[in-house]
Protein chains: 2
Amino acid sequence: MTVTIKDVAKRANVAPSTVSRVIADSPRISEKTKRKVREAMKELGYHPNFIARSLANQATQVIGIVMPSAAEQALQNPFFPEVIRGISKAAHEKKYALQMSTGEKEVEIYEGVVDMLQGRRVDGVILLYSRIDDKLMKYLQKNKFPFVVIGKPHQKAEQITHVDNDNYLAGKEATEYLIARGHERIAFVGGNKQYLVTVDRLSGYEAALKEAGLPYREDYIMHEEFLQEGGQEAMKELLSLADPPTALVVADDLMALGVLKTLDEMNLRVPDDISIVSFNNTLLAEMSSPPLTSVDIHIFQLGYEATKSLIEKISNPNEPVKRIIIPHRIVERLSCGCYQK
Amino acid sequence: MTVTIKDVAKRANVAPSTVSRVIADSPRISEKTKRKVREAMKELGYHPNFIARSLANQATQVIGIVMPSAAEQALQNPFFPEVIRGISKAAHEKKYALQMSTGEKEVEIYEGVVDMLQGRRVDGVILLYSRIDDKLMKYLQKNKFPFVVIGKPHQKAEQITHVDNDNYLAGKEATEYLIARGHERIAFVGGNKQYLVTVDRLSGYEAALKEAGLPYREDYIMHEEFLQEGGQEAMKELLSLADPPTALVVADDLMALGVLKTLDEMNLRVPDDISIVSFNNTLLAEMSSPPLTSVDIHIFQLGYEATKSLIEKISNPNEPVKRIIIPHRIVERLSCGCYQK
DNA sequence: TTGTAGGCGTTATCAC
DNA sequence: GTGATAACGCCTACAA
């Protein structure tokens with residue numbers, strides 16, 4: 001049925017191994033037989049069977065992408081398509097294929113990835129998140145599977161290749177940006193505290209307040225999902241406070257969108273009544289009304305670099321651990337105003 | 001190193017074939033040995049090797065996703081993450097994994113997919129687009145590879161399982177919507193005419209004009225890329241006309257965004273100066289200023305149904321050809337006004 | 001430079 | 001019910 005290496009061999013009057021060598025373009029084969037074999041391949045319409053090759057090679061040339069939650073949910077946030085764009089570019093350059101995890105709950109994802117790796121479907125994986133005490137990450141490390149994480153590993157970060165932003169600094173700068181505009185009651189709206197991004201940006205926020213001699217208030221700290229609904233929830237709670245904030249550091253554009261929505265419903269205006277600095281600088285930040293001042297973290301590059309590092313690691317298991325910090329920068333738009341008492 | 005079926009067999013004092021049967025939960029194995037074998041698997045931490053299994057089975061339980069262009073580019077349009085969400089859900093339900101094509105140019109994609117299939121990396125593919133005279137589609141058909149397309153196949157649509165909207169009708173309704181509001185100079189901004197979506201929506205547009213006794217003007221028809229830039233280009237051209245349109249049917253939200261951008265730069269207001277009906281009803285439509293009246297084509301469902309159909313086809317090659325039409329509906333927002341002479 | 005043979009980890013077809 | 005054994009398609013020593 002399907003034409004195999006043997007068929008080609010017969011046709012070209014050589015041994016299967018010779019064909020195999022031609023495929024690998026081995027220098028030990030004469031140009032003449034190479035030509036002959038290649039011609040036979042053309043004539044028969046031969047295509048190498050990756051699966052068979054993978055089995056023999058113990059390598060698949062496939063990289064696994066692991067999302068923090070069901071793709072179904074994660075992909076709602078433009079962060080993910082954007083990282084995947086970067087990943088895709090780098091993978092393509094090195095001729096790697098991409099496979100996506102598809103699990104709903106955390107355990108399912110965990111098992112899915114374990115199967116992916118143990119089942120030798122992929123040569124390595126990229127974690128598109130980093131959370132505290134992550135079972136999966138520990139597993140990967142223990143079993144010495146090639147992987148890189150986008151974000152900062154919770155523990156043993158010096159032993160795990162990762163690509164991250166300086167989220168502490170970014171959080172600090174975002175906050176300082178608001179402080180510089182006279183704000184004193186600044187709230188923080190972030191994702192789940194399990195995520196390192198949240199933790200880091202929050203500490204940056206905290207540091208900025210401290211340096212400015214402003215009080216750190218528990219009731220100004222919100223943790224919600226990285227979705228619009230999360231932002232809405234957070235904003236509602238903040239507005240129910242006796243003295244609501246005059247400015248917000250929001251850790252994600254999509255969340256910020258939710259924040260804007262709630263503010264709009266409450267007839268509050270941005271930046272007149274409340275200022276916002278957001279994160280990610282996705283298209284959403286540009287499009288919202290008002291457009292959001294947002295910290296560009298270069299998502300694409302995050303994915304691109306992570307993939308390059310992973311591939312290096314796959315091809316050379318002794319590759320030293322790397323830590324790559326992608327620069328960030330605040331992109332000013334219209335969501336911040338000066339606070340006037 | 002890695003624990004195989006043989007190791008398990010030894011440990012459980014059975015033959016490898018028995019272990020294999022236990023994995024497949026064959027009814028011909030006694031509960032007692034099953035228990036014994038399963039215990040051995042636990043103890044040794046056995047994980048089946050998918051690759052080996054695939055080779056023996058001639059099936060991978062992986063579905064390939066084929067985008068119209070480099071993922072790097074396509075993923076900029078929220079349409080794609082959204083279909084993938086649907087695909088991911090259905091795939092997960094049936095325990096299929098997902099692999100993405102990663103090619104830049106059309107030829108590269110073509111070859112990538114051919115390799116995917118011939119290399120037996122995937123059991124079937126989903127084309128996330130449909131274009132005229134598509135080489136790849138012909139290839140798939142000729143070689144009888146399981147595939148489904150999202151969109152309407154150009155030729156032999158009755159022989160190809162596909163999931164689509166009634167884009168003709170949708171285009172017609174969108175146009176009628178504007179006509180009903182008094183507009184007579186209505187332009188069409190679509191994607192490349194190679195794409196069937198574009199063609200279909202355009203014919204719907206044309207039909208609506210005809211029925212209303214309005215002239216069809218070549219200079220009101222724009223074909224650009226499905227990106228913001230495309231919308232900007234189109235709008236610029238339209239505005240350079242002696243008598244620019246008072247309303248637009250734009251075949252994609254992201255393009256519509258570009259349109260809005262250009263209009264804004266020109267100090268034209270929507271809907272006061274120009275009305276817009278867009279397509280896809282992504283988050284962008286909701287967020288833009290003004291929010292766009294947009295035709296919801298239920299992207300998620302498109303992906304979900306396509307995947308279910310593909311999996312059926314993979315498991316049963318004799319599955320009859322299917323054509324699934326996903327309903328659409330216009331979601332009214334603030335981008336349309338009445339035309340007053 | 002090329003051929004032979006064994007192995008990669010499973011499944012499937014026979015036997016017993 | 002369970003055990004050999006031969007595929008699946010390719011790669012890679014080892015020979016020649």
Side-chain angles (χ1 to χ4, degrees), chain A residues 1-41 44-62 114-123, chain B residues 1-41 44-62 115-123 315:
Chain A
M1 268 253 324
T2 49
V3 18
T4 77
I5 220 173
K6 287 183 188 168
D7 303 317
V8 177
K10 269 181 203 146
R11 175 86 170 208
N13 277 318
V14 296
S17 52
T18 302
V19 178
S20 175
R21 292 190 184 104
V22 173
I23 294 174
D25 201 19
S26 157
R28 315 190 331 186
I29 300 285
S30 73
E31 276 308 318
K32 192 176 152 207
T33 40
K34 275 189 187 173
R35 253 196 304 283
K36 197 170 57 177
V37 170
R38 292 208 174 105
E39 199 170 328
M41 300 201 301
L44 298 175
Y46 169 76
H47 281 270
N49 183 317
F50 279 107
I51 296 296
R53 173 182 295 192
S54 298
L55 185 58
N57 277 342
Q58 307 279 56
T60 59
Q61 292 267 115
V62 180
V114 170
D115 284 350
M116 242 185 188
L117 265 323
Q118 299 277 19
R120 296 291 182 270
R121 284 224 236 222
V122 298
D123 294 339
Chain B
M1 268 257 325
T2 50
V3 19
T4 78
I5 221 173
K6 287 182 188 169
D7 303 317
V8 177
K10 268 181 204 144
R11 174 87 171 205
N13 276 318
V14 295
S17 48
T18 301
V19 177
S20 176
R21 291 189 185 103
V22 173
I23 294 173
D25 201 18
S26 158
R28 313 190 330 186
I29 299 283
S30 72
E31 275 309 320
K32 193 176 150 210
T33 42
K34 274 190 187 171
R35 251 196 305 283
K36 198 170 55 178
V37 170
R38 292 207 174 106
E39 198 171 328
M41 298 200 303
L44 298 175
Y46 169 78
H47 282 269
N49 182 318
F50 280 107
I51 296 295
R53 173 183 294 191
S54 298
L55 184 57
N57 274 344
Q58 307 279 57
T60 59
Q61 293 267 112
V62 180
D115 284 350
M116 240 185 189
L117 264 328
Q118 299 276 19
R120 298 288 182 273
R121 282 223 237 224
V122 299
D123 293 337
S315 6

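Just so it is clear: chains get the letters A, B, ... in the order the sequence lines come, proteins before strands, and each one is counted from 1.
Rounded to the nearest 0.5 Å, atoms CG (B:N49) and OG1 (B:T4) are 9.5 Å apart. Once rounded to the nearest 0.5 Å, the distance linking CZ of B:R11 with CD of B:E39 reads 8.5 Å. To the nearest 0.5 Å, atoms OG1 (A:T18) and CZ (A:R28) are separated by 10.0 Å. Distance check: B:Q118 CD to B:R120 CZ gives 6.0 Å after rounding to the nearest 0.5 Å.
Computed from coordinates, the A:Q61 CD to D:dC11 P distance equals 12 Å when rounded to whole Å. Note: CD1 (A:I51) to P (D:dC11) measures 13 Å, nearest angstrom. Rounded to a whole Å, the CG atom of B:L55 is 12 Å from the P atom of C:dT10. To the nearest angstrom, C1' of C:dG9 lies 10 Å from CD1 of B:I23. Counting to the nearest Å, the P atom of D:dG9 and the CE atom of A:M41 are 17 Å from each other. B:Y46 places its OH atom 3 Å from the P atom of C:dT10, with the value rounded to the nearest Å. We find that NZ of B:K6 is positioned 12 Å from P of D:dA4, with the value rounded to whole Å. Put simply, CZ on B:R28 is 12 Å from P on C:dC14, counting in whole angstrom units.
Residue A:T33 has a polar side-chain atom (N or O) positioned under 4.0 Å from OP1 or OP2 of C:dT2. In this model, the phosphate group of C:dG9 is not approached by any side-chain N or O of B:R53 to a distance below 4.0 Å at OP1 or OP2. The phosphate of C:dT10 (OP1 or OP2) has no side-chain N or O of B:S54 nearer than 4.0 angstrom. Dashed line: the shortest gap from a side-chain N or O of A:Q58 to OP1 or OP2 of C:dG7 is not under 4.0 Å. A:S20 has no side-chain polar atom (N or O) that falls below the 4.0 Å cut-off from OP1 or OP2 of D:dC10.
Counting distance only, with no hydrogens placed and no angle test, the side-chain atoms of A:S17 and the base atoms of C:dT4 include a donor-acceptor pair under 3.5 Å.
Among the heavy atoms of the strands, none lies under 4.0 Å from B:V19. Counting non-hydrogen atoms under 4.0 angstrom, B:N13 reaches the backbone sugars and phosphates but no base.
Closest-nucleotide positions on DNA chain C for A:P16 and A:P27 were compared, and the one nearer the 5' end corresponds to A:P27. Of the two residues contacting DNA chain D, namely B:A52 and B:S30, the nearest-nucleotide position lying further toward the 5' end is that of B:S30. Of the residues near DNA chain D, B:T18 and A:A56, the one whose nearest nucleotide (by heavy atom distance) lies more toward the 5' end is B:T18.
Ion pairing between a basic and an acidic side chain is recognised when a charged N comes within 4.0 Å of a carboxylate O; B:R121 and B:D115 show no such pairing.
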